[in-house]
Each structure stands twice: as structure tokens, then as C-alpha cells.
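Every heavy atom of this structure was used, including side-chain atoms; hydrogens, water molecules and symmetry mates were not. In what follows, every chain begins at residue 1, and chains take the letters A, B, ... in the order their sequences are listed.
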Amino acid sequence: MDETSEVIRQRREKARALADQDIELYPNDFKVSHTVDAVKKYIHQRAAAVDNTAMFAMAGRITGLRSFGKATFIHFRDYTGQLQAYIKQDEIGKQAYALFKQFDVGDFIGIKGNVFQTRTGEWTLLAREIRLLCKAIRPLPEKFHGLRDPEKRYRQRYLDLIMNPNVRDIFIQRTRIVQAFRNFLLERGFLEVETPIMQPIPGGAEATPFKTFHDALGMELFLRIAPELYLKRLVIGGFDRVFEINHSFRNEGVSTQHNPEFTMLEFYQAYATYKDLMALTEEMFGFVTQQVLGEMHFTYQGNTIDMTGPWRRLTLKDALSELGGIEPSMLGDRERLLDFARSEGIEIRKTRRVGKILMKLFDVLVEPKLIEPTFVVDYPVEISPLARRSSSDSNMTERFELFIGGREIANGFSELNDPVDQKRRFLDQVADREAGDEEAHYMDEDYVIALEYGMAPTAGEGVGIDRFVMLLTNAASIREVILFPQLKKIGQ
RNA sequence: GGGCCGUUAACUCAGUCGGUAGAGUAUCUGCCUUUUAAGCAGAGAGUCGCGCGUUCGAGUCGCGCACGGCCCA
């Protein structure tokens, strides 16, 4: 591709010249005694009493190089940080220095030496020995502007990570967030499990699945759209508290808010209700925020968000009328709702049920207004086919959704454990599917059989991890929090 | 799926009215032993995303395509 590029050609020649001098280009026998972080800690602890004869064997990638002829300053970086080194011909000898002059920014090096302070006060490794650990053939992007081109940043994320420290920080934050969720649940006795990614019947959500095929079994399989039905089978099996931090897959468009492959946390707790989970959710998100940010509030795209509970709770109906401007008398009236949608310029597919119309209106009119953490509760049965009916109103379910920063972050409910009702709800979904709704749930007979063995009263919840990471890292696009976001293949 | 914007040296970007390609960084050569976007002097480096068209002449204008970004659905 860039094989003809002059810079790369020169680097290849350099590598060949080094090899001709019997220099190993890719050795693996250098032993590191200290990371950058360890050396910095050592210096910090000793303060004025640093032993400048102590030897450190360090390694990393050269990130900067300032040559003064017979002496050179470099910066090198390992995974813990960056340090300056000073390479002097007087210290390492003429021959070794001549060899070092052939190293480039981007190469990996191993240095053995002592620490000292330069005139400007910067602690620096004075090289007694330096050797090449890996020759880089391609030059890194320019040091000052870094790598900006978004397409290159996503396709060659390694360059993005090398060049842009803030990007590196986002992904470290991401890992910390996931670990905080995990620790919170483990602490409360939840069992972390793994359930199938390839499923014969995709269930647990309303979405279009990816299809694949198992040759030996001669069987069509789907990439999961959610782990829900498998996790509830485990609750039936006696794991009263389970969770899975999972990748699920939805065959939809990509955008700043959607990647076809995304990360979800899903957990189930027996003998709990959706109300218990709302309390748990406040505690859990508060814990994660405090752990990761060290405080309970943050700024997302100009809005300050405070995670301190208790959070506002309002019913779907109230949300629609108060924030969506829909008259309460209109809420059950399909035709009036359609008229209203039209007047608001919201397009709605004709076949949609009242519940779906309401959700569509909610998405457009209400969701963007829910900036501070807010629970919306009481969703209609027809759009919640896996949720338990509300005791006070059999058309409603014991369900909540959590909104933060104008986006849905979590969805939870008391689980439907009545197998007869579950079967009826599946059949209802199948009817929708036959009527042309490709996102309707599939019938899962095996799951109904599982329920017939009895599932303890249970509540469960799914959390959109990517979205929450976006909030805590102030990322406008989901691609900024997914290491390798889905992009189109480059044509020949 | 629709709209707008982008794609020029390895990287970040200029490029006027259509007249034959520019800068900084990086690279190469020379000088330089406490610099940190080191410095000074010099040099090399381009399929202007791809294709077709208009034109005497296209990085520039038109059409199509590819990829990407943002917004809308």
C-alpha cells in the first residue's frame, strides 16, 4: 500500500543495514528490572537521597528524540508511563553510540543505567548500555498534532493509543468502570457466568439478530441479542444471583449511538422486585461513579449530572404528559396519538400498537429531556413480554427504565415467572412477527418448559455499558469508547 | 435510506479566478555533549481517494462510485 513511500523505504534500508552488522532486529532476551512507574516511585520515595549508582534495566518505545551530535536525549514509554533517557557517547562508547544513532522514534529499546537530574530538574536515566529490542519499519504520526483522521484512529487504533494519551485514558477508564460493576455485584454474592453467544432461538430483546450457520450440526444459529432467557434458566437452576458482562449483537445501522456489537451487563436476583432493583441501581451506579471519578458528579456534553440518590421516579404516563406534552386523555387513543405524532412531525409505522406508538413518542419527546438520573416506571404489558404484570393493573408491568444524560442506560423489571402467561405473551409476539414486525420476540418453547419447573420470584436488569462509559468519559460518539468499532471494509 | 461536509507527502494542514503542487513536523546529509514541539544549514519526498466527463489545460468545475465525519429517519 505505502510500500513505495520514501520514509518507509529508508527505514527498511536502515533495518537491513543493522541486520548486516549482525544486530538482531527482534531479540527477546532483555530482562526488565523496573517499569517507568517503579523508577518514578523510587525517586519520589528517596527524594534528595537518590542513589545515582543504582542500576535500572528499563525498556519501552522511543517516543521522542533530540540529538546533539555526540549526546542525545530520548523519551521512551512503557505501559506505566514515560521517562527521559540521556545517551552519551562518553558513557556507552563510540561504537555503541554509532549504532544507537541508527535507532528511530517508534523503535523499542532496552536501557541499563542510573538516574540523575538534568539542569532543568527532570529525572533522567543515564544510559550505560542501550540496545534495540524491536525495529519499527513504519514511522509514527507527527508528535505535536498526533493522529487526527477519525477513520485512521478507528481502523488503526494502536496508532491512536500510541499518539493520543486521552484516548488511552478513556479505555483505561472503561476497564475500571467494568471492574467496578463486577466488584459491586461480586461483593453482594452474585455469581458471574457465561452463557451462549450463538443461540438457536434469539431471545430477551426486541431486535433483529445476526444469522450464522453451524456446518456439522446443519443448523442455523443466531448471535444473541441478549442473554436474558439463559440467565433466567440459571435462576431456575438455583443460581439465585447471577450476572453476565456480555457482548450482544443487533443487526441495525451504525451511528454515534449504536455499534452492532455492544457490551451489556445483565443481572438477576431471586426474591427481589423491580423496586429492590431500583434501590440497588442507585447504589451500584453511585459506587461505580465514585470509584472511577472519585466524586458523584460529572459533566456530559455541557450538562452537569449528579449521581447522588435518590433519583427522580415518574410513571411513563406522567412522563409523556408532563414532559412530552401529551394530554392524559389521549394516551389510550390510537388515532389521536397518530394525529398528534403527525403534528409533531414524528413518523410512525401504521402497524404499530398503542404501546409502541407511546414508546416512539417517548423516545423523541421525553428521553432527551431526562438529563439527571431518572427512573421511568410502569410500562404496558404489550411492550414488555418478559415482565411480570403489575398487581394493581394487569395491563401494566413492574418495570423501570433508567435515563441519564438524555439516554436509556438501564432497563429492569420483576420477571414474569407464570409459564402460562409467558406462553400467551410469546404467542402474541409471534402474531406480531407474522404481521410483519421483524423485531418481535420468537417463541421459545424450551424456556416456557423451564418456567414450568418453577422460577423463584425474581427481578432482573440490563445495563448499557458502552453508554455509561460515554457518560463518564464525556464521549459524544460510541466509537470513542469501543476499541475497534465496526467500520465498512475498504474496497480493493 | 436522506442531507451537509471531508479524502492533497509518513502525519497535521494550505492550495486564490481552471494554468501543471506548497508549509510545518517527520525523513536524509552536515554541524552541535543538559535538551524537551531543541537549534542552525542544505536536500529528497505526491497515482491530489477511484472512475468518467467538460476544457487547449482539472487538486480546483460536473456526474458516478468508495470510505469516513456530523445531522436527520
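- Cation-pi check for A:Arg224 over A:Phe249 is not met; the charged atom does not lie both under 6.0 angstrom from the ring centroid and within 45 degrees of its normal.
- Nucleic acid contact class of A:Lys88 (heavy atoms, under 4.0 Å, all strands): base.
- Comparing B:U34, B:A38, B:C67 by their nearest atom to the side chain of A:Phe68 picks out B:A38.
- Salt-bridge formation is not detected for the pair A:Arg61/A:Asp78: no Lys NZ or Arg NE/NH1/NH2 atom is positioned less than 4.0 Å from an Asp or Glu carboxylate oxygen.
- Of the N and O atoms on the side chains of A:Arg399 and A:Ser384, at least one donor lies less than 3.5 Å from an acceptor on the other residue.
- At the heavy-atom level, A:Tyr154 lies under 4.0 Å from the strands shown only through sugar-phosphate atoms.
- Taking the C1' atom of each, B:U8 and B:U60 are spaced 11 Å apart, rounded to whole Å.
- Among the heavy atoms of the strands lying under 4.0 Å from A:Ser477 are primed sugar atoms or P, OP1, OP2 only; no base atom is included.
- Side-chain atoms of A:Glu122 lie closest to B:U35 of the nucleotides B:C11, B:G69, B:U35.
- For A:Thr118, the listed nucleotide lying nearest its side chain is B:U35; candidates were B:G24, B:C28, B:U35.
- Proximity note for A:Lys143 (side chain, C-beta onward) versus B:A37, B:U35, B:U36: the nearest is B:A37.
- With respect to the salt-bridge test (charged N to carboxylate O, under 4.0 angstrom), the residues A:Asp149 and A:Arg153 do not qualify.
- Across the C1' atoms, B:A9 and B:G57 are found 25 Å apart, a figure rounded to whole Å.
- Nearest heavy atom pair, residue A:Phe103 against residue A:Leu65, reads O-CD1, 4.0 Å.
- Projected onto RNA chain B by closest heavy-atom contact, A:Lys152 and A:Asp104 fall at different nucleotides, the more 5' of which corresponds to A:Lys152.
- Dashed line: the shortest gap from a side-chain N or O of A:Ser5 to OP1 or OP2 of B:A45 is not under 4.0 Å.
- Checking B:G24, B:U34, B:C67 against the side-chain heavy atoms of A:Arg119 singles out B:U34 as nearest.
- When rounded to the nearest whole Å, the span between CD of A:Glu252 and C1' of B:A73 equals 14 Å.
- Where A:Val105 and A:Leu147 each meet RNA chain B at their nearest nucleotide, the meeting point lying more 5' is that of A:Leu147.
- Only the C1' atoms considered, B:G18 is 29 Å distant from B:C11, to the nearest whole Å.
- Other residues, nucleotides and ligands contribute more than 12 heavy atoms inside 6.0 Å of the CE atom of A:Met55.
- If you check every strand for non-hydrogen atoms under 4.0 Å, A:Arg479 touches sugar and phosphate atoms only.
- Considering only the side chain of A:Pro139, B:A10 comes nearest among B:A10, B:U34, B:U36.
- Nucleic acid contact for A:Lys70: base, since at least one base atom lies under 4.0 Å from a heavy atom of the residue.
- As judged by a 4.0 angstrom heavy-atom cut-off over every strand, A:Phe116 is placed among the base-contacting residues.
- When the C1' atom is used for both B:G51 and B:U7, the distance is 15 Å, rounded to whole Å.
- For A:Leu487, taking side-chain heavy atoms from C-beta onward, the closest of the listed nucleotides B:G69, B:G44, B:U36 is B:G69.
- At a threshold of 4.0 angstrom between heavy atoms, the contacts of A:Arg148 are confined to the sugar-phosphate backbone, with no base atom among them.
- When the C1' atom is compared between B:A58 and B:C63, the two are found 14 Å apart, to the nearest whole Å.
- Taking atom P on both B:A37 and B:G46, the two are 31 Å apart, rounded to the nearest angstrom.
- Residue contacts for A:Arg11: at a heavy-atom cut-off of 4.0 Å it reaches no nucleic acid atom on any strand shown.
- Backbone-only engagement by A:Gly146 is indicated by non-hydrogen atom pairs under 4.0 Å involving sugar-phosphate atoms exclusively.
- Side-chain proximity of A:Lys14 to the nucleotides B:C32, B:G68, B:C28 is greatest for B:C28.
- The side-chain contact (heavy atoms from CB on, under 4.5 Å) check on A:Tyr26 picks up A:Cys134, A:Lys135, A:Ile137, with sequence neighbours excluded.
- The distance from atom NE2 of A:His258 to atom C1' of B:G1 is 15 Å, rounded to the nearest whole Å.
- Comparing the same atom, C1', in B:A10 and in B:C48 gives a spacing of 16 Å after rounding to whole Å.
- For B:A43 and B:G49, the P atoms lie 28 Å apart once the distance is rounded to whole Å.
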